[in-house]
Amino acid sequence: MPDEEEAAEAFGTLSDPTRVAILRAFAEALDEQGLTPGGSMPELSFSELYERVEIDSTSRLSYHLEKLDGAYLRHTDEGWKFTYAGEAIVRQYLAGAYAGDVELDPFEIEGRCLHCDAEELVTDVEDRMLMHRCEECGECFGNIPVTPAQVTARDDDAVIESVKTRTASYFQQFREGVCAICGGCNDLDVRNVEDVAPGPLRFVAIARCRSCWTRFNGPLSVWLATHPASIAFHWEQGIDTTSLSTFEMVPRVMDEQWSTDRLASDTYEVTYRVDENALRLLVDDDLSVERAERVRRDSVGDR
C-alpha cells in the first residue's frame, strides 16, 4: 500500500507552476527526440533547461530542480531526466486531466432507450461521464468515463467512436487481469444480480483492481464479445464487435441474441446468435474460455 505521507509530499512538490513548466520542458524534449533505441529518456543539462523554462535566475532554477529531483526527475552525469512518475504526471497534465470538467455540447444519437424503448436520446457529459439520456422518460444509461483530450478536436460521431474503442479495450484488458487504468492486477467476481437487473442481465462480472481500486462491470456476454472466438464469429456475419459500444451491446443481451446460462457453480455457457448461426463458449468464473463451439440456431434451442 502506498505511503500517504510520501504521496502528500510528492503531490506538494508540484504546487509551484514553475516546477510543472520544468516537467513540461522534459516532455517537449521527449517529443522532439522521437523514437530512440530502447526508448531512452532525453537528458537535459542545466543550461538547456534554463533556455527552455521562463525563470528569472539560475538560482531559482537550481532550487526547483532540487525539489523535483528524486520523485519526478533523476540527476545524471549529463543533467537531469524523467523518472516514471515525472513522465506519467506531466502526460496527465497535457491531456487536461486537471483542467476541470469535460466540455461537450449535448447531441442527439440514434438508438432506443433501455428503460422505455423510446427513440429520443441525447448524449451528454456530466462529471466526466458520458451518458445517454432519454428525453421521453428522463432515465440515463451508459456512464462511460471520458477525458478532456478525448473530446478535443473531435466531432460528435468521432467522440462516440473513441468511446467505443476505449470501452472495448477496457473489457479486453480487465478480462486478461490487467487494470486498464493503472496496469495493476485485478480480481474478477461473477455474480447473479437478478434482484436488481432484468433476467437477461442477471449474470455480471465485476473486476476490481488491487492497486487503484478501479471497478469495471458488465454482463458476461459483453465481457466476452471481444474474445478472439467471438470476434471471428461475428466478423464472418458482418459484425465488428470491437466497434460496438456497450449501448449497442446491451440490447443484444436484452433480446437474448447474446445469452448466458449457469451450468455449474463456476461454469457458464455464453451463446451468441446471428440469424441461423450461433457460437457457444464454455466459460469459467475467471472468464477464461474452455471451449468454443459453432452451432446452427435450430440446435441451440430456446432457453
Side-chain angles (χ1 to χ4, degrees), residues 110-112 114 117 132 141-142 144 160-180 185-194 197-208 216-303:
E110 294 183 0
R112 292 181 179 276
L114 299 182
D117 210 35
H132 306 301
F141 51 94
I144 302 168
I160 293 298
E161 290 304 313
S162 73
V163 169
K164 292 179 181 181
T165 299
R166 294 191 79 206
T167 301
S169 173
Y170 278 21
F171 276 114
Q172 182 175 356
Q173 291 181 71
F174 277 110
R175 191 180 70 238
E176 297 297 330
V178 179
C179 175
C185 298
N186 62 261
D187 298 307
L188 274 168
D189 180 27
V190 178
R191 299 179 186 175
N192 186 336
V193 294
E194 195 165 18
L201 299 174
R202 65 187 181 278
F203 294 118
V204 171
I206 303 171
R208 179 184 181 277
F216 195 70
N217 68 84
L220 264 63
S221 55
V222 171
W223 274 93
L224 292 160
T226 53
H227 183 276
S230 173
I231 292 175
F233 167 75
H234 284 95
W235 183 261
E236 291 176 10
Q237 315 303 318
I239 301 169
D240 180 7
T241 55
T242 65
S243 69
L244 297 177
S245 66
T246 50
F247 170 56
E248 295 167 312
M249 293 180 183
V250 170
R252 287 173 161 84
V253 182
M254 295 295 293
D255 294 342
E256 298 195 73
Q257 298 174 49
W258 296 2
S259 61
T260 301
D261 293 285
R262 175 180 275 168
L263 303 183
S265 61
D266 59 353
T267 307
Y268 299 84
E269 184 180 82
V270 175
T271 303
Y272 299 100
R273 298 174 175 86
V274 180
D275 297 327
E276 299 303 315
N277 302 298
L279 171 71
R280 283 178 179 158
L281 301 180
L282 187 66
V283 182
D284 288 343
D285 59 1
D286 62 356
L287 299 190
S288 60
V289 175
E290 298 301 315
R291 186 177 72 246
E293 176 187 18
R294 296 200 185 193
V295 295
R296 294 287 294 176
R297 182 166 184 168
D298 54 12
S299 69
V300 176
D302 297 325
R303 298 175 183 234

Chemist: Check side chain to side chain donor-acceptor pair (under 3.5 Å) between Arg175 and all other residues, then give those that pass, not counting sequence neighbours.
Modeler: Thr226
Chemist: Mind listing the closest non-hydrogen atom pair of Gly199 and Glu194 along with its distance?
Modeler: CA-OE2, 4.2 Å
Chemist: Compare every heavy atom of Ser169 with every heavy atom of Gln173, then report the nearest pair and how far apart it is.
Modeler: NE2-OG, 2.7 Å
Chemist: State, with a plain yes or no, whether a side-chain heavy atom of Asp187 is found less than 4.5 Å away from one of Asp189.
Modeler: no
Chemist: Can you confirm whether Ile144 sits close enough to Phe247 that some side-chain heavy atom of one is under 4.5 Å from a side-chain heavy atom of the other?
Modeler: no
Chemist: Does the side-chain contact (heavy atoms from CB on, under 4.5 Å) test come out yes or no for Thr271 and Val295, once each step is laid out?
Modeler: CA-CA 10 Å; Thr271 303; Val295 295; 5.9 Å; no
Chemist: Flag the pair Leu282 / Thr267 as yes when at least one side-chain heavy-atom distance between them is below 4.5 Å, and no otherwise.
Modeler: yes
Chemist: Sequence neighbours left out, what passes ring-ring contact (aromatic ring centres under 6.0 Å, His included) with Tyr170? Give chain and number order.
Modeler: Phe216
Chemist: Can you name the closest pair of heavy atoms from Asn277 and Gln237 and give their distance?
Modeler: ND2-OE1, 3.3 Å
Chemist: Do Trp258 and Leu224 come close enough that some side-chain heavy atom pair is under 4.5 Å?
Modeler: no
Chemist: Decide side-chain contact (heavy atoms from CB on, under 4.5 Å) for Arg252 and Ile239; before the verdict, give the C-alpha distance in whole Å, the side-chain angles of both, and the deciding distance to 0.1 Å.
Modeler: CA-CA 12 Å; Arg252 287 173 161 84; Ile239 301 169; 4.3 Å; yes
Chemist: Please round to the nearest 0.5 Å and tell me the distance separating atom SG of Cys179 and atom CZ of Arg208.
Modeler: 10.5 Å
Chemist: Test side-chain contact (heavy atoms from CB on, under 4.5 Å) on Phe141 and Thr246 and set out the steps.
Modeler: CA-CA 10 Å; Phe141 51 94; Thr246 50; over 6 Å; no
Chemist: Working to the nearest 0.5 angstrom, can you tell me the gap between Ile160 CD1 and His132 NE2?
Modeler: 5.0 Å
Chemist: If every non-hydrogen atom of Ala278 is compared with every non-hydrogen atom of Arg273, which pair is closest and at what distance?
Modeler: CB-CG, 4.2 Å
Chemist: Minimum heavy-atom separation for Asp285 and Val190, please, with both atom names.
Modeler: O-CG2, 3.4 Å
Chemist: Atom CZ in Arg280, atom CD in Glu269: separation rounded to 0.5 Å?
Modeler: 5.0 Å
Chemist: Let me know which of Thr260, Val193, Val222 forms a side chain to side chain contact (heavy atoms under 4.5 Å, CB included) with Val204.
Modeler: Val193
Chemist: Enumerate the salt bridge (Lys or Arg N to Asp or Glu O under 4.0 Å) contacts for residues 218-239, please, sequence neighbours excluded, ordered by first and then second residue.
Modeler: Glu236-Arg294
Chemist: Could you work out, with side chain to side chain contact (heavy atoms under 4.5 Å, CB included) as the rule, every residue matching Asp255, not counting sequence neighbours?
Modeler: Gln257
Chemist: Tell me if a side-chain donor or acceptor on Tyr272 pairs with a main-chain N or O of Ser221 at a distance below 3.5 Å.
Modeler: yes
Chemist: Suppose we screen for side chain to side chain contact (heavy atoms under 4.5 Å, CB included). Which residues come up paired with Ser288, at least two apart in sequence or across chains?
Modeler: Asp284, Asp286, Glu290
Chemist: To the nearest 0.5 Å, what is the distance between CZ (Arg202) and CG (Leu220)?
Modeler: 10.5 Å
Chemist: Looking at Tyr268 versus Phe203, is the centre-to-centre ring distance below 6.0 Å?
Modeler: yes
Chemist: Can a donor-acceptor pair be found, under 3.5 Å and without considering hydrogens, that links the side chain of Glu248 to the backbone of Ser245?
Modeler: yes
Chemist: Got a donor-acceptor contact below 3.5 angstrom from the Asp240 side chain to the Thr242 backbone?
Modeler: yes
Chemist: Could you go step by step and tell me if Leu188 and Trp223 meet the side-chain contact (heavy atoms from CB on, under 4.5 Å) rule?
Modeler: CA-CA 11 Å; Leu188 274 168; Trp223 274 93; 4.0 Å; yes
Chemist: OG1 of Thr241 to CZ of Phe171: how many Å apart, nearest 0.5 Å?
Modeler: 12.0 Å
Chemist: Could I get the full list of side chain to side chain donor-acceptor pair (under 3.5 Å) partners for Glu176, not counting sequence neighbours?
Modeler: none
Chemist: Do Asn186 side-chain atoms and Phe174 backbone N/O form a donor-acceptor pair below 3.5 Å?
Modeler: yes
Chemist: Compare every heavy atom of Ala229 with every heavy atom of Leu279, then report the nearest pair and how far apart it is.
Modeler: CD2-O, 3.6 Å
